[in-house]
There are 4 protein chains.
Amino acid sequence: MAARREKYDRRQREVVAIAAELFARRGFQATSMDDLSDATGLRSGGLYHYIGSKRALLLAIFSELMDPLLEQASGIETGTPEEQLRELVRVWVAHIEAHLDHMAVFAQERHSIEHEPEWEDVRASRDAFEAILARRLADVGITDRLQHFALLGMVNHTATWLKPGGRLTAQQIADGYCDLILQ
Amino acid sequence: MAARREKYDRRQREVVAIAAELFARRGFQATSMDDLSDATGLRSGGLYHYIGSKRALLLAIFSELMDPLLEQASGIETGTPEEQLRELVRVWVAHIEAHLDHMAVFAQERHSIEHEPEWEDVRASRDAFEAILARRLADVGITDRLQHFALLGMVNHTATWLKPGGRLTAQQIADGYCDLILQ
Amino acid sequence: MAARREKYDRRQREVVAIAAELFARRGFQATSMDDLSDATGLRSGGLYHYIGSKRALLLAIFSELMDPLLEQASGIETGTPEEQLRELVRVWVAHIEAHLDHMAVFAQERHSIEHEPEWEDVRASRDAFEAILARRLADVGITDRLQHFALLGMVNHTATWLKPGGRLTAQQIADGYCDLILQ
Amino acid sequence: MAARREKYDRRQREVVAIAAELFARRGFQATSMDDLSDATGLRSGGLYHYIGSKRALLLAIFSELMDPLLEQASGIETGTPEEQLRELVRVWVAHIEAHLDHMAVFAQERHSIEHEPEWEDVRASRDAFEAILARRLADVGITDRLQHFALLGMVNHTATWLKPGGRLTAQQIADGYCDLILQ
DNA sequence: TATGAATGAGCCTTCATTCAT
DNA sequence: CATGAATGAAGGCTCATTCAT
């Protein structure tokens, strides 16, 4: 039945969201399935009905982070090169603002992502995004890798200090970063 | 006897260095004391002779990272404001280059540092460094928090892509970053 | 309605047969209800409709194995003592040939059967069969327990090497065993 | 230190013996590591110091069963063919008598041994023993597979009824079996 | 100094079973 | 009749740490 399926999917997304929050705060490894059980209200068995494994949960979090960003980023195709770059950074910062927990988990589990074959897809997504960024920078005449890395660093770092509903909007932040890069 | 003490200290520093490397590559939690035992050639009992606990090892890594940086940073007192800022960033990037493993562990265990009372001292060191940075930026007329965070982001991010002995020197990188911030 | 009842019984027997096959191959404990679910096409709820419990399934397999054999064995009443013994062994081997999976499960779960009060009935069936065997052997003058056990051993062991449709028929095998025992 | 090593080995053998007994009585899967912990007096961690894994324990039991038997069996080389066959069966039954628990575990886990690649070595040992048996039978003129299987069946089955210190000695049993096979 | 045996708490996961739908 | 969400107990195993030697 479709209604049942829909309910299942909704519950699954809830679990992933709760997991992202816990992982962000306490760390992936330091968060036990029991913690998750308490936070979701599902007993361990029920939890596994939705997630498969703790590892799969991590993968789900990464997918939720990377997939939509990549899609939005590749959809930007109108305007001058500078407008396209600015739009890309805006979308990017907005996405980070909407996924602060996901970003924290991502940063924290960097070593897993970098070294384990299991995370190939995640690495590929990240590389694809960085390729788009490099192209947009090239389109405005920036081919220096240092500036590419600088932009990457400042934007990603945003997740560690940005408070949603704070003084600065994602758009203002993004524009500020672009101003630095574009003189 | 002093010679014995010296040998003890040397061995201890070796253990911390090896630990930093393992933690950077596999993650702190994912690295077991057994892994460390294999890597150091010391059995568990011997290991505990030098380190006290796994947690203490982490603290030692953070101290090795923060303490000398803070000392160098606070020693910069000559030259124009811009020269002082540039010198600060140079020292900082050079320190990161010399402590890539420590930086990786630091980034990875961010959540512990941020939330647990045990890490108060580490937080204090970091805040002290950022205060120095803020002062140097203010001295050249930059009071916008966004630029402060941008600089912090790009410099810290350096640890993830910098390969020692690569094309760019720490000095070139630091100057590139300063150029962005100072127009 | 009788038709409904009949359908239920047929489905039930199907489930038992599939279970016997899985249990024989992978082991009783190593086979999960999920495996059974996959193999039968019934989901867990539906499965329990037919079987009651995993334990009951095991009991059903044992009953299917022992009950008809016991019935056939006690029906042998004509001919000379030697003819009766030979007929008993023929029936027995033929039954084993027709229930290889059941035999494998039986052998594997020997320890449960031997030690747990729950399996009293199964033990009783087995003892009843062995009593008939002992009587038939006594009728031909064999009272030595060693020969009784030897026959038991060789016949039961047949289940581990006999391939249905192989070179030897059940009758030939049975006669071969009897020849050994009867000189 | 050698004394330490020796103590370790002794303790390890003790654990395997206790495990064999428990597995024989309750079944391999039905015996938990906690049961073993209680029976050995070692807590779970200490247990793993000696065994590696539950699976490895099973393998150790099989090795203790098959390796010495195979060695003894291949050492029989003097006397007439009939004497050699009789000696083989005597050694075999005596070995079974001395390893009733091991035999029970072996019989019970037949399905694992038969189907899983992990048990290749155990299968190879068993096949090697059966090859020796086949050769000894051929030497006395018995090439009929049925008699080979019959002997295998009766001897292996001995483990299920033989009580150490009972009325019959291993030698008497072995001779009884050989009498059946050799007319 | 250093070893390694031993601990014991905790972890992720499985699984037979129930029950509302 | 049948589904599948949910349970909860248990299982095998890991691991930081201690301590007698």
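Every chain is numbered from 1 and lettered A, B, ... according to where its sequence line falls, protein lines coming before strand lines.
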Could you check how far [atom1] of [X] sits from [atom2] of [N], rounded to whole Å?
X     : N      : atom1 : atom2 : answer
B/H49 : F/dT21 : NE2   : C1'   : 13 Å
A/Y50 : F/dA6  : OH    : C1'   : 8 Å
D/L58 : F/dC13 : CG    : P     : 12 Å
C/R11 : F/dC1  : CZ    : P     : 10 Å
D/R43 : F/dG12 : CZ    : C1'   : 16 Å
D/L36 : F/dA10 : CG    : P     : 18 Å
D/D38 : E/dG8  : CG    : P     : 13 Å
B/R26 : F/dC15 : CZ    : P     : 11 Å

Find the partner of E/dT21: check Watson-Crick (N1-N3 plus N6-O4 or O6-N4) and G-U wobble (N1-O2, O6-N3) distances, both under 3.5 Å, and reply none if neither fits.
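Pair assignment: E/dT21 / F/dA2.
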Using both distances under 3.5 Å as the test, list the Watson-Crick or G-U wobble partner of E/dG8, or none.
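Matched E/dG8 with F/dC15 under the 3.5 Å cut-off.
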From the options C/R25, C/K54, C/R26, select the one residue that forms a salt bridge (Lys or Arg N to Asp or Glu O under 4.0 Å) with C/D35.
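The single option meeting the salt bridge (Lys or Arg N to Asp or Glu O under 4.0 Å) with C/D35 is C/R26.
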What verdict does the ring-ring contact (aromatic ring centres under 6.0 Å, His included) test give for D/Y8 and D/H49, after you've listed the backbone C-alpha separation in whole Å, the side-chain angles of each residue and the deciding distance to 0.1 Å?
CA-CA 10 Å; D/Y8 178 92; D/H49 192 51; 5.7 Å; yes
Mind listing the closest non-hydrogen atom pair of D/A39 and D/L22 along with its distance?
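Taking D/A39 first and D/L22 second, the nearest heavy atoms are CB-CD1, 3.7 Å.
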Is it true that A/D9 and A/R5 have a side-chain N and a carboxylate O under 4.0 angstrom from each other?
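Looking at A/D9 and A/R5, the cut-off is met.
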Is there a donor-acceptor pair under 3.5 Å between the side chain of B/S63 and the backbone N or O of B/L59?
yes
Check for a donor-acceptor pair, side chain of D/Q108 on one end and backbone N or O of D/F23 on the other, with a separation under 3.5 Å.
yes
Taking for each residue the nucleotide of DNA chain F bearing the nearest heavy atom, is the 5' side occupied by C/K7 or by D/R4?
C/K7
Toward the 5' end of DNA chain F, which comes first, C/L47 or A/G41, by nearest nucleotide?
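Taking each residue's closest nucleotide, the earlier one in sequence belongs to C/L47.
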Pairs under 3.5 angstrom, nitrogen or oxygen only, protein versus nucleotides 9-13 of chain E, please.
residue	atom	partner	partner atom	Å
E/dA9	N6	D/S44	OG	3.2
E/dC12	OP1	A/K54	NZ	2.6
E/dC12	OP2	A/M33	N	2.7
E/dT13	OP2	A/Y48	OH	2.5
E/dT13	OP2	A/K54	N	2.9
E/dT13	O5'	A/Y48	OH	3.3

About how many Å separate OG1 of C/T31 and NE2 of D/H111, when rounded to the nearest 0.5 Å?
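Atom-to-atom, D/H111:NE2 and C/T31:OG1 are 8.5 Å apart.
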